[in-house]
Amino acid sequence: MGLERNVESRDDPNYMFEREIETMPRDALAALQTERLRWTLRRAYENVPFYRAAFDAQGVRADQLESPADIRHFPFTVKDDLRQNYPFGMFASPPGDIARLHASSGTTGKPTVVGYTRGDLDRWAGLVARSMAGAGVRPGDIVHNAYGYGLFTGGLGFHAGAERLGCTVVPISGGGTERQITLLRDFGADVLLATPSYALNIAETAAREGVDLRTLPLRRGMFGAEPWSDEMRATLERLMGIRAVDVYGLSEIMGPGVACECDTDQGGLHGWEDHFLFEVIDPETLEPLPMGEAGELVITTLTREAMPMIRYRTRDITRLSAEPCACGRTHLRIMRVSGRDDDMMIIRGVNVFPSQIESVLVAVEGLAPHYQIVLRREGALDSMTVEVEALNEGVDCDACAEALRGRIKAVIGVTCTVEVKEPGAIPRSQGKAVRVRDLRG
Ligand code: DLL
């Protein structure tokens with residue numbers, strides 16, 4: 001059966017991994033969500049003391065929920081709740097039912113731990129396969145997976161999804177960039193999976209090694225796990241001769257594959273509503289915002305067994321759209337995440353995300369798309385220095401610095417200092433890039 005599907009799907013531009021669910025009418029989707037939401041709320045209340053206490057404190061019960069919108073009466077969950085309940089306090093399944101653990105690297109304090117039952121792993125693989133098929137990947141494709149393997153969800157999450165779709169997986173993980181180029185060329189991968197910053201590192205290394213990625217079979221990249229701009233997308237597409245697709249996810253909810261762009265247009269990422277309920281809230285008032293308004297993305301899981309998440313505040317800033325998509329999928333779209341509210345910098349009263357700086361600097365001639373932003377305190381005010389690289393030795397650094405400073409002022413409205421460094425001076429990423437160095441103490 002697998003083989004038959006491979007043959008049929010290969011040349012079908014609108015192939016879907018689970019067509020019936022992906023194109024389900026929105027009212028049927030809402031009914032399914034309501035049923036699954038009640039199941040999740042009940043499971044959380046009965047098995048997780050943290051949720052029991054939180055629901056009781058707010059006086060809410062699963063059977064009071066009549067439609068997905070009623071979720072607004074339930075309490076939020078934040079990352080710190082996972083830390084407080086470290087390591088397994090958020091689990092709703094007995095220890096023997098936990099098939100896998102993942103964890104965040106945890107730059108501050110304890111890591112956050114997530115658990116999966118066999119059923120959770122199975123559904124996760126299905127959602128990644130669905131996302132990949134939507135992004136134009138086909139059974140039989142050779143998939144070069146340069147997301148990190150290990151506690152990070154990127155590597156193993158995509159690995160299982162690509163296998164489920166029927167692809168040939170190259171589980172290379174991140175790092176060893178020269179070898180990545182050799183294998184991309186020798187194996188003739190169709191698809192590259194990586195963070196956008198690592199993909200850029202790969203493209204640059206290939207150019208240095210004299211390998212023109214555009215002449216290889218490579219035709220698609222699925223990039224995510226960090227914010228990136230449309231300008232960076234255009235750069236990656238040009239350097240690699242591919243179509244670059246945005247994929248979103250977070251470990252607390254599942255990992256990669258929570259939402260993904262389809263091949264039809266680059267106008268937002270389909271969020272898989274049969275498994276997740278998406279809300280956008282005003283991060284100040286915590287009130288849900290109407291469809292289309294920008295705010296913080298909040299996600300509730302609908303099918304997670306090991307670790308149900310109720311109204312998890314992602315800190316990611318975006319907006320939702322229920323506009324029909326030409327691909328025929330009915331699941332709403334999450335607009336490109338421009339950044340996290342904890343990455344937002346306030347420079348002399350102006351709110352700035354690193355990805356906004358990126359979108360301006362990628363377009364300045366003579367500069368390479370590598371950068372870091374350094375924040376310092378000068379008296380009572382914060383100052384911002386953008387460190388960026390010259391494309392090559394022959395570049396007039398002063399003129400480029402002036403050009404970038406002017407563009408940032410004109411487009412974003414913020415005054416900053418620009419330092420143009422020699423090629424290779426900015427650290428290269430092998431996973432999630434460090435965009436901001438905060439020296440404010
Ligand atoms: O980064 C899961 C993932 C792996 C997604 C591979 C896509 C591809 P975490 O390490 O828990 O999980 O980090 C989640 O990364 O809350 C966002 O702030 C950010 N993020 C993830 N995808 C995108 C994206 C994985 N496409 C956090 N655009 C999230 C912008 C993203 N930010």
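Here the structure is a predicted model, which is why all the values come from computation and not from measurement. Just follow the structure's listing: the first ligand is 1, and inside any ligand the first atom is 1.
Geometrically, ligand 1 and Pro256 share no nitrogen or oxygen pair separated by less than 3.5 Å.
Near Thr153, with a cut-off below 4.0 Å to any heavy atom, the atoms of ligand 1 are 2 (C), 12 (O). Residue Gly154 approaches ligand 1 through these ligand atoms, each under 4.0 Å from one of its heavy atoms: 4 (C), 6 (C). For ligand 1, the atoms closer than 4.0 angstrom to any heavy atom of Val247 are 7 (C), 22 (N), 24 (C), 26 (N). Here is the list of ligand 1 atoms found below 4.0 Å of a heavy atom in Arg340: 16 (O), 18 (O).
Here Val337 has heavy atoms under 4.0 Å from ligand 1 in both its backbone and its side chain. Both the backbone and the side chain of Leu250 come within 4.0 Å of ligand 1, counting heavy atoms alone.
For Arg333, the salt bridge (charged side-chain N to carboxylate O under 4.0 Å, His left out) partners two or more places apart in sequence, or in a different chain, are Asp265. Every side-chain hydrogen bond (donor to acceptor under 3.5 Å, both in side chains) that Arg313 has, sequence neighbours left out, goes to Glu296.
Between Phe158 and Tyr147, the angle of the ring planes stays under 30°, which puts this pair in the parallel group of the 30/60° scheme. Ring geometry, Phe55 versus Tyr45: the interplanar angle falls under 30°, so the pair is classed parallel (tilted spans 30 to 60°).
In this comparison of Phe223, Trp228, Tyr147, the heavy atom closest to atom 6 (C) of ligand 1 sits on Tyr147.
In terms of protein heavy atoms, atom 31 (C) of ligand 1 is closest to Glu226 N, 3.6 Å. Among all protein heavy atoms, the one lying closest to atom 11 (O) of ligand 1 is Ser251 OG, 2.8 Å. Gly249 O, 3.5 Å is the protein heavy atom nearest to atom 25 (C) of ligand 1. Nearest non-hydrogen protein atom to atom 10 (O) of ligand 1 is Lys432 NZ, 2.9 Å. The protein heavy-atom contact nearest to atom 16 (O) of ligand 1 is Asp316 OD2, 2.7 Å. Scanning the protein heavy atoms around atom 7 (C) of ligand 1, the nearest turns out to be Ala225 N, 3.3 Å.
Under the 6.0 Å cut-off for aromatic ring centres, His275 and Trp124 do not qualify, their centroids lying 6.0 Å or more apart. Taking the six-membered ring wherever Trp is involved, the centroid distance between the rings of Phe187 and His144 does not fall below 6.0 Å.
A donor-acceptor contact closer than 3.5 angstrom is absent between the side chains of Glu22 and Thr330.
Ion pair Arg243/Asp263 flagged as a salt bridge, since at least one NZ, NE, NH1 or NH2 atom sits closer than 4.0 Å to an Asp/Glu carboxylate oxygen. No salt bridge links Arg36 with Glu273; every basic N to acidic carboxylate O contact stays at or beyond 4.0 Å.
Ligand 1 lies less than 4.0 angstrom from a heavy atom belonging to Pro227.
For CZ of Arg311, the number of neighbouring non-hydrogen atoms (other residues, nucleotides, ligands) closer than 6.0 Å is greater than 12.
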